[in-house]
Protein chains: 2
Amino acid sequence: MEAAAPQSLTRADEAFDCLQTAIVKGDLAPGEKIGEVELCARFNLTRGPLREALGRLESRGLMVRRPHAGVKVVSVSAQELMELYHIREVMEGLAARQAAERMTDQEIADLQATLDSHETMIEQAQGQAYYQAEGDYDFHHRIATGSRNTKLAQMLLGDLYYMVRMYRYRLSTSSGRPHRALGEHRRIVEAIAQRDGELAEFLMKRHINAARKNIEQKISDGLLNI
Amino acid sequence: MEAAAPQSLTRADEAFDCLQTAIVKGDLAPGEKIGEVELCARFNLTRGPLREALGRLESRGLMVRRPHAGVKVVSVSAQELMELYHIREVMEGLAARQAAERMTDQEIADLQATLDSHETMIEQAQGQAYYQAEGDYDFHHRIATGSRNTKLAQMLLGDLYYMVRMYRYRLSTSSGRPHRALGEHRRIVEAIAQRDGELAEFLMKRHINAARKNIEQKISDGLLNI
DNA sequence: TTCCATATTGTTGTTAACAATAATGACCTT
DNA sequence: AAGGTCATTATTGTTAACAACAATATGGAA
């Protein structure tokens, strides 16, 4: 399929993207044992690039692979999901602090404008939580890159977010508390605009902590079955 | 070479380990462009498993690979090394906090015993900083696994430590302040033994922060050329 | 009927040959 | 002489065939 071939992208990269999005979207169910040839057929690939992609996925913790026994999508327990949020809390706290020190004024202005558009989206389509989820992702994405900490951004964007998003799709948008989250986003950006790194870190940590407790609550109420 | 074939380990894993240690030890210089066939010859591999290992290394940020242009070991600037320490600070702080909550009494006792052996090592072989470096690695390794946070341990042990160790070898043991570091280790373990997570987190963050400033100082003094 | 051993089968791991692309050098033009 | 363009070459990316291993099913014995 060379319909949407962007640029000189290798087949292995293609395979990697395909599989990653498939996992995140839930097209490949966690725990499901899946053969290589079946994957090849499903994504129009050959085993060489597929294997390379599989290795990368495994290295990122999205798949587990026992020698000669096949691969399967990793299944994360509720407990492990909470652990992911604990990691996010400290790492994104750091990202917010460094972003407050390093983002350009232009970037901060753009970020504020983004929040405005998120607000109108939420008001217009209340209930359509999809935009909120995307907006939330966009917000955290910008903070991560704004930290100018290459490795930090790489770990957040390349590792953690994919695992979290994997559950976002299944839980149909994590929080369901769009207004409150947006308010918290605004306060974080205000702190960044004032170049108050400590405050930005504190607010970001509290923000993610709140999100974690929200999910924890839902799970204990039996509203979410992971 | 089946001289030291431990167990049913796939060739790709073998290749991955070989390359990773070669990078960490400095046998593969950063920035050096190296061909696949040359790597195959050097490590007695074929291109299939090598390629898979290369993909994993790239995904972990230890190598960069431009399509059709070859691979090269990533070269990290002094600034980026400092960023790694910032990340370690928050992540290992979290690890220490969770370790204080979750390590077994036995594990804590073992950890204390390990510190004792480190102390005798330092006293006996003052100057032989290698053991100190290994001991330091061992200490942080135990805390990471003791957190019972799978993903956190994976990120620390699988990603960050390798990049840091890569420079340890080049700088011939980072700190050169063994006694002070050991004292800090002791206080951290004390906090863990008392199940004081907050204190353990605080002490661990301060410990890594001190290590970072130590290196920063050496760099600004021109004692280290990265 | 249940348990174990064995052979089969289907899978993964590996290898080597093939094709495509980018780097390199020579030649021509300005 | 300097710059650019084109052909060559060497490297990477890909493919398909081969080998090895593990899971499974079948048959027999207790």
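Below, chain A is the first sequence line, B the second, and so on; all start at residue 1.
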- Note on the structure: Residues passing the side-chain hydrogen bond (donor to acceptor under 3.5 Å, both in side chains) test with B/Arg47, sequence neighbours excluded, are B/Glu36
- Message: ring pair (Phe, Tyr, Trp, His ring centres under 6.0 Å), that's the test. Do B/His207 and B/His185 meet it? Break it down for me.
- Response: CA-CA 8 Å; B/His207 170 59; B/His185 286 184; 4.7 Å; yes
- Note on the structure: From NZ of A/Lys33 across to C1' of D/dA22 the rounded distance in Å is 10 Å
- Item | Donor on one side chain, acceptor on other, B/Glu83 and A/Gln98, under 3.5 Å | yes
- Pair B/Arg165 + B/Asp136: basic N to acidic O under 4.0 Å: no
- Grab the NE2-C1' distance between A/His68 and D/dA23 for me, whole Å please. 12 Å
- Task: Assign each of A/Arg66 and B/Arg66 to its nearest nucleotide of DNA chain D by heavy atoms, then name whichever residue's nucleotide is nearer the 5' end.
- Result: B/Arg66
- Would you mind reading off the distance between B/Asn44 atom CG and C/dT14 atom P, rounded to a whole angstrom? 14 Å
- Item | Between C1' of C/dT14 and CD of A/Glu36, the distance in whole Å | 12 Å
- Query: Within this structure, what is the NZ-to-C1' distance between A/Lys72 and C/dT11, rounded to whole angstrom?
  - Reply: 16 Å
- Which of A/Asp27, A/Leu62, A/Leu54 passes side chain to side chain contact (heavy atoms under 4.5 Å, CB included) with A/Leu19? Answer is A/Leu54
- Message: Does a side-chain N or O of B/Thr10 approach OP1 or OP2 of C/dT12 to a distance below 4.0 Å, or not?
- Response: no
- Note on the structure: In whole angstroms, the gap separating C1' of C/dT11 from CD of A/Glu38 amounts to 13 Å
- Task: With sequence neighbours excluded, tell me which residues meet salt bridge (Lys or Arg N to Asp or Glu O under 4.0 Å) with A/Arg42.
- Result: none
- Message: Short of 4.0 Å, heavy atom to strand atom, which residues of residues 45-55 of chain B count as contacting DNA chain D?
- Response: B/Arg47, B/Arg51
- Message: Using whole Å, what does the distance between atom C1' of nucleotide C/dT15 and atom CD of B/Glu14 come to?
- Response: 15 Å
- Measure from CZ on B/Arg11 to P on D/dC21 and round the result to the nearest Å. 10 Å
